[in-house]
Protein chains: 2
Amino acid sequence: MISPDIENLIALLAKLPGLGPRSARRAVLHLIKRREALGAPLTKAMTNVLETVKTCSQCGNLDTVDPCPLCTDPKRDAGLICVVEDVADLWALERAKVFQGRYHVLGGVLSALDGVGPEDLNIPALIERTTRGGIREVILANSATVDGQTTAHYLTDLLAGSGVEISELAHGVPVGGELDYLDDGTLGAALKDRRPV
Amino acid sequence: MISPDIENLIALLAKLPGLGPRSARRAVLHLIKRREALGAPLTKAMTNVLETVKTCSQCGNLDTVDPCPLCTDPKRDAGLICVVEDVADLWALERAKVFQGRYHVLGGVLSALDGVGPEDLNIPALIERTTRGGIREVILANSATVDGQTTAHYLTDLLAGSGVEISELAHGVPVGGELDYLDDGTLGAALKDRRPV
């Protein structure tokens, strides 16, 4: 018989993406063994984040302050909005340090299969931001999946009359990628959008 | 720029076995999105376990009470001790519901490479338990690895004069296993220990 308290913790941890019952058990033992060095700081950090992190009312990013630092940073280009599906995508762009404008997090993709319609996404706030003025360009950084591209098309139609420039990410060979391992769609896009050297 | 509080939580979560930076990021977003349903209960369960769980002074098991319920359960055979390397091994045996005696958790294996000697393991308590009397048999449920078997040999020598019967787990074909996929060592052991039908 395993302690019900420990069983309960294992069951909850196993609900995290990337963890199953087996790795949750290992994680719990690891936490108990490293109580001072890892267990206590992790519990404290988790409590802190869950209590203080909120969704930015402007862009949908997650931060302890609202509006988030990305929306208020004067060094970032306020005329450029990059639309992403999820906070994870925003984090990926920030880690890459390749974008110095503002963001807009949709909170998902349109999906007939999953019953996600425009009203379920953070779209009204995007329309409001673009019509308020001061926006030069909207970059649609949607995933290159069917649902992602459907969402991008929907947004393109919606923003068409706003006078704002709309762009999307380039498709092509990933940097460091070998042709041999690429799918047909990527190869086709890379060939179609070839550029003079 | 990602919120330093969130970055800190990701870094701590990434230290858990089976999680890396990428899955830790996904886990944190999952926790924030499911704050009420998962985040809060998980934080509470973690705080509770880290505050209340202790090592059983008799067997080395982890539980909220000391001695643990396995050591005090009158329905379990007190004359039979199963020696395991880790609490995870105890859990595996308990899940399988195949053993109804008591346990003894060593807390590791002897390893010259990692500098783990007999004094680093829960061995004195095992000697004390076997010499105190009332123990009929000690089952060495060590791993079938080099270090596990070294530890088992060491314990066999140590307990040799105690008058207690010493046994080890059977080696052979795992139930449900196909011969084709088994290693030579297991096949050899299965053949050597063959039994009449």
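In this text the structure is predicted, and so the values were computed from the model without any measurement. Chain A is the first sequence line, chain B the second, and so forth, proteins listed ahead of strands; every chain is numbered from 1.
The shortest distance between side-chain heavy atoms of A:R35 and B:E51 does not fall below 4.5 Å. Side chains of B:L62 and A:L29 form a contact here, defined as non-hydrogen atoms less than 4.5 Å apart. The shortest side-chain heavy-atom distance between B:L38 and A:L16 falls under the 4.5 Å cut-off. B:L9 places none of its side-chain heavy atoms less than 4.5 Å from the side chain of A:N48.
A:V105 and A:L80 fall within a single hydrophobic cluster, where Ile, Leu, Val, Met, Phe, Trp and Tyr are joined by side-chain heavy atoms under 4.5 Å apart, directly or via other members. Criterion: ILVMFWY side-chain heavy atoms under 4.5 Å apart, direct or through other members. Under it, B:V146 and B:V116 are not part of a common hydrophobic cluster. When the side chains of ILVMFWY residues are joined at heavy-atom separations under 4.5 Å, either directly or via intervening members, B:L42 and B:L12 end up in a single hydrophobic cluster. Linking ILVMFWY residues whenever their side-chain heavy atoms come closer than 4.5 Å, directly or via other members, leaves A:L126 and A:Y103 in distinct clusters. Grouping the Ile, Leu, Val, Met, Phe, Trp and Tyr side chains by contacts below 4.5 angstrom, directly or via other members, places B:L106 apart from B:V87.
Contact count versus chain B (heavy atoms, under 4.5 Å) is highest, among A:T47, A:V53, A:V28, for A:V53. Between chain B and the options A:G18, A:A27, A:P4, heavy-atom pairs under 4.5 Å are most frequent for A:A27. Interface check for chain B: of the options A:E94, A:K97, A:M46, the most heavy-atom pairs under 4.5 Å are formed by A:M46. For the options A:P69, A:S23, A:P17, A:G39, heavy-atom pairs under 4.5 Å to chain B are most numerous at A:P17. The residue among A:T55, A:L31, A:N61 with the most heavy atom pairs within less than 4.5 Å of chain B is A:L31.
Both the backbone and the side chain of A:L13 come within less than 4.5 Å of a heavy atom of chain B. For A:P41, the parts lying near chain B are the backbone and the side chain together; criterion is any non-hydrogen pair under 4.5 Å. Only the side chain of A:L70 comes within contact range of chain B, with heavy atoms under 4.5 Å apart. At a 4.5 Å heavy-atom cutoff, A:A24 makes no contact with chain B through either its backbone or its side chain. In this structure, chain B has a heavy atom under 4.5 Å from the side chain of A:R95, while its backbone stays farther away.
The structure places CG of A:L19 at 10.5 Å from NE2 of B:H30, a figure rounded to the nearest 0.5 Å. Between A:W91 atom CH2 and B:R26 atom CZ the span is 12.5 Å, to the nearest 0.5 Å. One distance of note links CG of B:D63 with CD1 of A:I6; it measures 6.0 Å at 0.5 Å rounding. Put simply, OG1 on A:T43 and NZ on B:K44 are 14.5 Å apart, with the number rounded to the nearest 0.5 Å.
Residue-environment remark: CZ (B:R194) stays at or below the threshold of 12 foreign heavy atoms within 6.0 Å. Residue B:D184 places its CG atom among 12 or fewer non-hydrogen atoms of other residues, nucleotides or ligands, all under 6.0 Å distant. Within a 6.0 Å sphere centred on CD of B:E36, heavy atoms belonging to other residues, nucleotides or ligands number 12 at most.
Taking each heavy atom of B:S3 and A:T64 in turn, the nearest pair found is OG-CG2, 4.2 Å.
Taking the charged nitrogens against the carboxylate oxygens, B:K33 and A:D86 do have a contact shorter than 4.0 Å, which makes a salt bridge.
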